[in-house]
2 protein chains.
Amino acid sequence: MADDLAPGTDRPLAGRANFLLSQLGFHTAQTFATRLAPLGIAPNHFGLLMHLERGEGSTQQQLADVLGIHRKVMVGLLDDLQHRGLVERRRHPTDRRAHAIHLTDAARALLPRARRIADQHEDEILTPLDADERGHLIAALQRLAERTGHPAGVHPGLQSSARSATR
Amino acid sequence: MADDLAPGTDRPLAGRANFLLSQLGFHTAQTFATRLAPLGIAPNHFGLLMHLERGEGSTQQQLADVLGIHRKVMVGLLDDLQHRGLVERRRHPTDRRAHAIHLTDAARALLPRARRIADQHEDEILTPLDADERGHLIAALQRLAERTGHPAGVHPGLQSSARSATR
DNA sequence: CCTGACTGTCGGGTACGGTAACAGTTACCA
DNA sequence: TGGTAACTGTTACCGTACCCGACAGTCAGG
């Protein structure tokens, strides 16, 4: 579209889609972490719990693969959740080196509350838009997200900052 | 909209606007930093240079206020840029405690290249959308960004990760 | 049975973020 | 005029988080 030798356009940052996405993404992650903090978990814990909900008994390695992180990080995440009483590391039925990760009843009670917080937070973020505009925005974002190479629902920044909301 | 006592909706993460924004924002910031790295600067340096372009001679404190960060962080950012030969700390004409920050010729030569990289990066991110959809998306994002409380063009995550692309 | 590969975990080096404090300078105000 | 309070830019410090390799225990295949 732009001439390959032309200098960049002189638009302000606030009109560039990449800046807006980065700015809004950071703000969204930050406020969501704040909303979730009273539950004693961080956004990455929430994502892990959501994954565990459909598929308990997985290995830590399997979970790490699905979320695209290193097994070492999974140790820390599960330590947090176990300390919080939300997951159990049971013996794996067939592989004695591995753990089978299961949700506790407390986690099953917590998840609906967390989902409601997520809904409220989303509604708050999208306040300026009506229902039609929200639909168009989400559809557009999904199309952009598909191109990033990350599997659906996998956050690229997951490999860090697990303990911020834990203490 | 949702009943206040209802459990949260059971949508996957990939369909929630707040998750999509956070995911895309992180990915966008990451790839933009990569595109910018060959120039020897990070995204926050780019933002600072853009601000300096319209308004040289500012004090470090003034710049920190405009960007919403602490003066100490500005010291680090300017250290990087000065080391890179892009800014000069001159004596302030009226206040001998303060520095007057000026761009160098190298910075004025670098900025068009950086802007072109930003344009290309934006185009790359928005590939799946046509011109109309891009316009609608940017307009919607701008309306959401206005509600965050951050001044236009101010990135909330600016207070960190300055040195990632410097070395 | 024995070697190689895998699982989950632990310690150590390193870099980062935020706090407190500093000298130099200005502004206020009696 | 003098003296105190506030401000600028900077440094030193400390607790924390992240990355790396290494480890015991266990499985799989020849």
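Chain naming here is simple, since letters A, B, ... match the order of the sequence lines and numbering starts at 1 in each. As a basis for the values below, the full set of heavy atoms in this structure was taken, side chains included, without hydrogen atoms, waters or symmetry mates.
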Can you build the contact string for nucleotides 1-8 of chain D? Use B for base contact, S for sugar-phosphate-only contact, and - for no protein heavy atom under 4.0 Å. ------BS

Please evaluate residues A/Gln62 and A/Ile101 with respect to the criterion side-chain contact (heavy atoms from CB on, under 4.5 Å), reporting the C-alpha separation (whole Å), side-chain torsions for both, the decisive distance (0.1 Å), and the verdict. CA-CA 10 Å; A/Gln62 292 171 336; A/Ile101 308 301; over 6 Å; no

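Here A/Arg11 pairs with A/Thr9, A/Arg16, B/Asp119, B/Glu122 under the side-chain contact (heavy atoms from CB on, under 4.5 Å) rule; sequence neighbours left out. For B/Val75, the side-chain contact (heavy atoms from CB on, under 4.5 Å) test picks out B/Gln60, B/Asp79, with sequence neighbours left out.
When atom types are taken as modelled, the side chain of B/Arg108 and the backbone of B/Leu103 share a donor-acceptor pair closer than 3.5 angstrom. Using modelled atom types, no side-chain atom of A/Asp80 and backbone atom of A/His45 make a donor-acceptor pair closer than 3.5 Å.
For residues 97-126 of chain B, the ring-ring contact (aromatic ring centres under 6.0 Å, His included) pairs, not counting sequence neighbours, are B/Phe32-B/His121.
Between B/Gln62 and B/Lys72, the residue anchored closer to the 5' end of DNA chain D is B/Gln62, taking for each the nucleotide with the nearest heavy atom.
The distance between atom CD of A/Gln82 and atom C1' of C/dG8, rounded to the nearest whole Å, is 12 Å. In this structure, B/Met74 atom CE and C/dG18 atom P are separated by 15 Å, rounded to whole Å. Distance B/His83 NE2 to D/dT10 P: 15 Å, rounded to the nearest Å. Rounded to an integer number of Å, the gap from A/Leu78 CG to C/dC10 P is 13 Å. Atom pair A/Asp79:CG and C/dG8:P shows a separation of 12 Å (rounding to whole Å applied).
For residues 84-92 of chain A, proximity to DNA chain C is found at A/Arg89, defined as any non-hydrogen atom under 4.0 angstrom from a strand atom.
Here B/Arg90 does not pair with B/Glu56 in a salt bridge; the nearest charged N to carboxylate O distance is not below 4.0 Å.
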Sequence neighbours excluded and cut-off under 3.5 Å, please list the side-chain donor-acceptor pairs for residues 137-148 of chain B, or say none.
unit_1   : atom_1 : unit_2   : atom_2 : d
B/Gln142 : NE2    : A/Ala14  : O      : 3.0
B/Arg143 : NH1    : A/Glu133 : OE2    : 2.9
B/Arg143 : NH2    : A/Pro128 : O      : 2.5
B/Arg147 : NH1    : A/Glu124 : O      : 3.2
B/Thr148 : OG1    : B/Ala145 : O      : 2.7
B/Thr148 : OG1    : B/His150 : N      : 3.4

